[in-house]
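Worth saying up front: this structure is predicted, and the values here are computed from it rather than measured. Counting convention: from 1, in listed order, for ligands and their atoms alike.
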Amino acid sequence: MTIIMFIATLKKISLPYKKVVERTLDVEGKEMNESMKVMIELEEAKELVITRILPVDTESVSLSEAYGRVLAQDIRSPMAMPPFARSPLDGFAYRAEMYDSQPLLLNIVGEIPAGTLLERDIVIGEAAKIFTGAPIPPGANCVVRIEDTELVGGTVRILRPVSPGSNIIARGEEIKEGDLLLRQGFHLTPPAIGLLAAVGVVQVKVYRRPRVGLFSTGTELVDVGQPLHPSKIYNSNSYTLRGMLQEAGCEVLAIPIVADHIDKTLEALERVAEADVVIATGGASVGDYDVMRHALTQFGCEMLFWKLNLKPGTPASVGQKGKQFFFSLSGNPAAAMVTFELLVRPALRKLAGRSMVEEARFLVKMAEGFDKSGKQRRFLRAQAVFKDGEIWANPAPSQGSGILRSMIGSHLLVDVPANHGSVKPGELLMASWIADWES
Ligand code: AMP
Ligand code: MG
């Protein structure tokens, strides 16, 4: 072991997560001691949540309702596809022999448009006119393109004879009966649904849509449509997150703004009892009016952790009560979105039954530098620019956790490791998508 490896190992051993005893008051004002992990790495936080959260129950839906749902069963094909040998083109089907080379003159004995059958054998010296998708008639062993033939009265001259087997799509060429087509946990995309239709599947077992309770806390918040008195601001998080949840295929149970009071927060938590997961923004930090974590504890949650070692969105926590999971996110509008992407989205995928929960990560080249990266890991929101066959990341000019506007036109989250120092233009960093690059 080299000295460097030895030191690295020592560091790992001597730097476990911090475990602190939180002082929390219960409803009667008694102090409750609760031990909870504080300031943990994103990967550990995801692991904690993803290992505990279980997929929702299942239901059966018809194919026309299946788009975007998650399969709750493996699907094997009940039939072969194509179900019969067929022609891939318009031409003549006949019985070729191995060494046909000179033009042949064949009697035309029938016509086979797609969707019909020729119920007679083709023997040597005969041909049937055949169209794309029509079944190869019995006795025929090839199809020649119409372009390579010439009609001569009631006969056809095959100008360029083909060998046996030419231009025939065999029965089951694409799918054999019993083939495993799609696995449980697969997200039903358009081709997946099309494939199920192609083999005659009528209904599929899918996971039901996750139900997500959503509310914003903050005494300063007012909903749109209401007058904005001094000191108040409009609630944007509920709208941002509702959209993200809908995109993620969830059913949203949104409730009105909750003031920064424990009792009001407890009432709100009661109101989303039907939800599988609850997301609340605001009141997540250390201020006197940041009551979310205390409310969750009093509500009976086991707190899995508080604070993520990253920016933006450090003051996030997750609690569990029975099968319900509670995500408390920073109220800062950009931070709430970023922590949704990094932490909540993978958890929702697990809940939704998906087998792939992690976001793909890849290298991007920095189009601009960023000077302010400090001790803490930071996720920069950035526009993706395609240049010279590479993805360049153009960081939003303002990376403040409250700057919602910086999320518009940002497609990427670029992962700047802790203690990285300033980010230089041209540098390669890991990133993941947060939005379609066309937006
Ligand atoms: P908090 O997480 O409660 O400390 O809030 C951090 C910042 O985000 C404060 O400036 C809040 O006013 C603002 N904020 C909190 N919730 C929302 C919301 N739902 N919509 C817009 N801004 C919010
Ligand atoms: Mg607040």
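A side-chain N or O of Q184 and one of Y207 form a donor-acceptor pair less than 3.5 Å apart. Neither side chain, H420 nor Q376, offers a donor N or O lying under 3.5 Å from an acceptor on the other.
Side-chain rings of F299 and F326 approach one another, their centers coming within less than 6.0 Å.
Residue contacts with ligand 1: Y289 is excluded, as none of its non-hydrogen atoms falls under 4.0 Å. Not a single heavy atom of G402 sits under 4.0 Å from any atom of ligand 1.
For atom 21 (C) of ligand 1, the nearest non-hydrogen atom of the protein is S236 OG, 3.3 Å. Taking atom 18 (C) of ligand 1 as the reference point, the nearest protein heavy-atom neighbour is N237 ND2, 3.3 Å. The protein atom (non-hydrogen) at minimum distance from atom 12 (O) of ligand 1 is E220 OE2, 2.5 Å. Ranking protein heavy atoms by distance to atom 19 (N) of ligand 1, first place goes to N235 OD1, 2.9 Å. The shortest contact between atom 15 (C) of ligand 1 and any protein heavy atom is with G331 O, 3.3 Å. Summary of contacts: the protein heavy atom closest to atom 4 (O) of ligand 1 is D290 OD1, 4.1 Å.
Contact annotation for S238 and ligand 1: no heavy atom of the residue comes within less than 4.0 Å of the ligand. Of the heavy atoms in D260, none comes closer than 4.0 Å to ligand 1.
The distance from ligand 1 to the heavy atoms of G283 drops below 4.0 Å at these ligand atoms: 1 (P), 2 (O), 3 (O). The distance from ligand 1 to the heavy atoms of Y234 drops below 4.0 Å at these ligand atoms: 20 (N), 21 (C). Numbered from 1 in the order shown, with element, the atoms of ligand 1 that lie under 4.0 Å from a heavy atom of S216 read 19 (N). Ligand-side atoms of ligand 1 in range of P333: 21 (C), 22 (N), range being under 4.0 angstrom from any heavy atom.
Proximity of a side-chain donor or acceptor of W437 to a complementary backbone N or O of F386 within less than 3.5 Å is not detected. A side-chain donor-acceptor contact under 3.5 Å links S410 to the backbone of S406. Q246 contributes no side-chain N or O that, together with a main-chain N or O of G243, makes up a donor-acceptor pair within less than 3.5 Å. Side-chain atoms of N309 do not come within 3.5 Å of backbone N or O of L42 as any donor-acceptor pair.
Checking T217, N332, I233 against atom 22 (N) of ligand 1, the nearest heavy atom belongs to I233.
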Item to check | CA sep, side-chain torsions, deciding dist, call: Q324, V278, side-chain contact (heavy atoms from CB on, under 4.5 Å) | outcome: CA-CA 8 Å; Q324 255 188 325; V278 176; 4.0 Å; yes
Item to check | Check against salt bridge (charged side-chain N to carboxylate O under 4.0 Å, His left out), E302 and R52 | outcome: CA-CA 12 Å; E302 174 194 354; R52 290 186 179 218; 3.0 Å; yes
With a cut-off of 3.5 Å and sequence neighbours excluded, list every side-chain donor-acceptor pair involving residues 259-266.
from, atom 1, to, atom 2, distance (Å)
D260, OD2, T219, N, 3.0
D260, OD2, T219, OG1, 3.4
T265, OG1, H261, O, 2.7

